[in-house]
2 protein chains.
Amino acid sequence: MVLNMVSSKVSETRPFDVQVQIFKVLTHPARLAILDILRDGEHCVCHMEAHLGFRQAYISQQLSVLREAEIIQDRRDGWNIYYRVIDDRIYEVLDAMRRITGQPKSELKKPNVSCACPTCSTHVGKAS
Amino acid sequence: MVLNMVSSKVSETRPFDVQVQIFKVLTHPARLAILDILRDGEHCVCHMEAHLGFRQAYISQQLSVLREAEIIQDRRDGWNIYYRVIDDRIYEVLDAMRRITGQPKSELKKPNVSCACPTCSTHVGKAS
DNA sequence: AAACCATATTCAATACCATGAATGTGATTA
DNA sequence: TAATCACATTCATGGTATTGAATATGGTTT
């Protein structure tokens with residue numbers, strides 16, 4: 001990810017570049033949905049796959065964006081890789097935004113699906 | 001501004017589109033700088049021009065993005081057009097982000113410049 | 001009405017992001 | 001070590017945002 005900040009003359013705006021960089025990462029519905037899933041702690045990729053309905057490669061792409069921005073962190077455990085947010089304060093940003101847009105705290109109700117990972121197995125879901 | 005959200009299959013992420021739309025507007029250093037100037041109330045365009053060092057057309061472009069997103073509002077008074085933010089809660093988002101990026105509340109110290117508008121004339125500045 | 005002021009809009013070129021498809025990787029079981 | 005599992009990466013294409021340059025607009029003064 002490369003900045004294209006070549007402000008015409010003076011760069012009075014340079015101090016804002018760091019914030020812009022993070023805002024850019026948040027400018028994507030799938031990534032916001034992923035962060036929403038990670039609100040209650042770490043989850044594996046198959047979990048997100050099952051809950052969001054996207055294909056694995058697509059989710060992995062979005063995870064890599066979040067990871068490179070150092071918003072999330074991964075941890076391997078056997079076959080599965082678990083993701084978690086590094087700095088919980090990102091939710092302060094997201095919550096403040098939701099207060100403006102007037103969206104319910106959890107519009108995204110967990111569907112009755114699950115994957116084979118330990119986390120999902122503890123749920124009621126039934127994989128097809 | 002048109003959304004390009006054509007999620008592969010399911011659109012579990014659609015509820016996030018509204019937030020994404022606003023985040024997109026915040027994904028720009030000049031626009032963040034403008035919002036920062038508007039923290040203490042309304043200001044005319046020439047004011048921003050003087051304080052940011054960008055050319056008038058450029059600032060006007062960014063203002064139009066903020067205006068179309070209904071983040072700011074304009075008011076005409078004689079020659080000048082004054083802008084103000086519509087919903088102050090946008091600063092909750094910006095402040096939350098600054099807490100993460102660790103930027104000082106007002107990195108952007110007002111330079112000793114001014115334009116001919118009534119607002120600027122009350123300042124100490126001297127236009128070249 | 002004409003000249004002038006502050007500000008807005010349009011246009012075109014370029015840079016950047018999104019995303020599907022194909023393929024690669026590293027840990028694990030047999 | 002070969003097959004397999006969960007996940008990551010690369011590549012190519014189309015779409016969207018950025019921004020400089022030129023020009024338009026609408027209120028104001030004379």
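Owing to the predicted nature of the structure, the values given are computational and were not obtained by experimental measurement.
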OP1 or OP2 of [N] versus the side-chain N and O atoms of [X]: is any pair under 4.0 Å?
X       : N      : value
A:Arg67 : D:dT9  : yes
A:Arg31 : C:dA18 : yes
B:Asn80 : C:dT7  : yes

Check this for me: A:Arg99, atom CZ, are more than 12 non-hydrogen atoms of other residues, nucleotides or ligands nearer than 6.0 Å?
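Atom CZ in A:Arg99 is crowded, with more than 12 foreign heavy atoms closer than 6.0 Å.
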
Return yes if some donor-acceptor pair links the side-chain N/O of B:Arg31 with the main-chain N/O of B:Leu63 below 3.5 Å, else return no.
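Pair absent, no side-chain N/O of B:Arg31 close to backbone of B:Leu63.
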
Sidechain-backbone polar pair: A:Tyr82 side chain, A:Arg76 backbone, donor-acceptor under 3.5 Å:
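It does not hold such a pair.
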
Please evaluate the base of C:dA18 for a donor-acceptor partner in the side chain of A:Gln61 within a cut-off of under 3.5 Å?
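Side chain to base: no pair below 3.5 Å.
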
Residues in salt bridge (Lys or Arg N to Asp or Glu O under 4.0 Å) contact with A:Glu49, at least two apart in sequence or another chain:
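A:Glu49: no salt bridge (Lys or Arg N to Asp or Glu O under 4.0 Å) contacts found.
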
Taking atom [atom2] of [N] as reference, at what distance in whole Å does atom [atom1] of [X] sit?
X       : N      : atom1 : atom2 : result
B:Tyr58 : C:dT9  : OH    : P     : 17 Å
B:Tyr83 : C:dT7  : OH    : P     : 9 Å
B:Glu49 : C:dC5  : CD    : C1'   : 12 Å
B:Tyr82 : C:dA6  : OH    : C1'   : 11 Å
B:His47 : C:dA6  : NE2   : P     : 15 Å
B:His28 : C:dC16 : NE2   : C1'   : 12 Å
A:Lys24 : C:dA18 : NZ    : C1'   : 14 Å
B:Leu66 : D:dA17 : CG    : C1'   : 14 Å

Is any NZ, NE, NH1 or NH2 atom of the basic residue among A:Asp36 and A:Arg98 found under 4.0 Å from an Asp or Glu carboxylate oxygen of the other?
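The answer is yes: the pair qualifies as a salt bridge.
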
Are A:Arg39 and A:Asp95 within salt-bridge range, i.e. N to O under 4.0 Å?
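So A:Arg39 pairs with A:Asp95 through a salt bridge.
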
Nearest-nucleotide pick for B:Ser60, side chain only, options being C:dT9, C:dA22, D:dT19
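Taking heavy atoms from C-beta onward, the closest nucleotide is C:dT9.
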
Nearest heavy-atom neighbours spanning A:Leu26 and B:Val20:
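In terms of heavy atoms, the two residues are closest at O-CG2, 4.2 Å.
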
Axis deviation across the helix from C:dA1-D:dT30 to C:dA30-D:dT1, five-pair ends, to the nearest 10°
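The value is 20°.
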
Under a 4.0 Å heavy-atom criterion, the protein footprint on nucleotides 25-30 of chain D, written with B, S and -, is -BBS--

State which residue, out of A:Arg75, A:His47, A:Arg67, fulfils the side chain to side chain donor-acceptor pair (under 3.5 Å) condition with A:Tyr83.
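By the side chain to side chain donor-acceptor pair (under 3.5 Å) criterion, A:Tyr83 pairs with just one of A:Arg75, A:His47, A:Arg67: A:Arg67.
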
Go through the steps to decide whether B:Tyr58 and B:Leu52 satisfy the test side-chain contact (heavy atoms from CB on, under 4.5 Å), and finish with yes or no.
CA-CA 11 Å; B:Tyr58 184 83; B:Leu52 296 179; over 6 Å; no

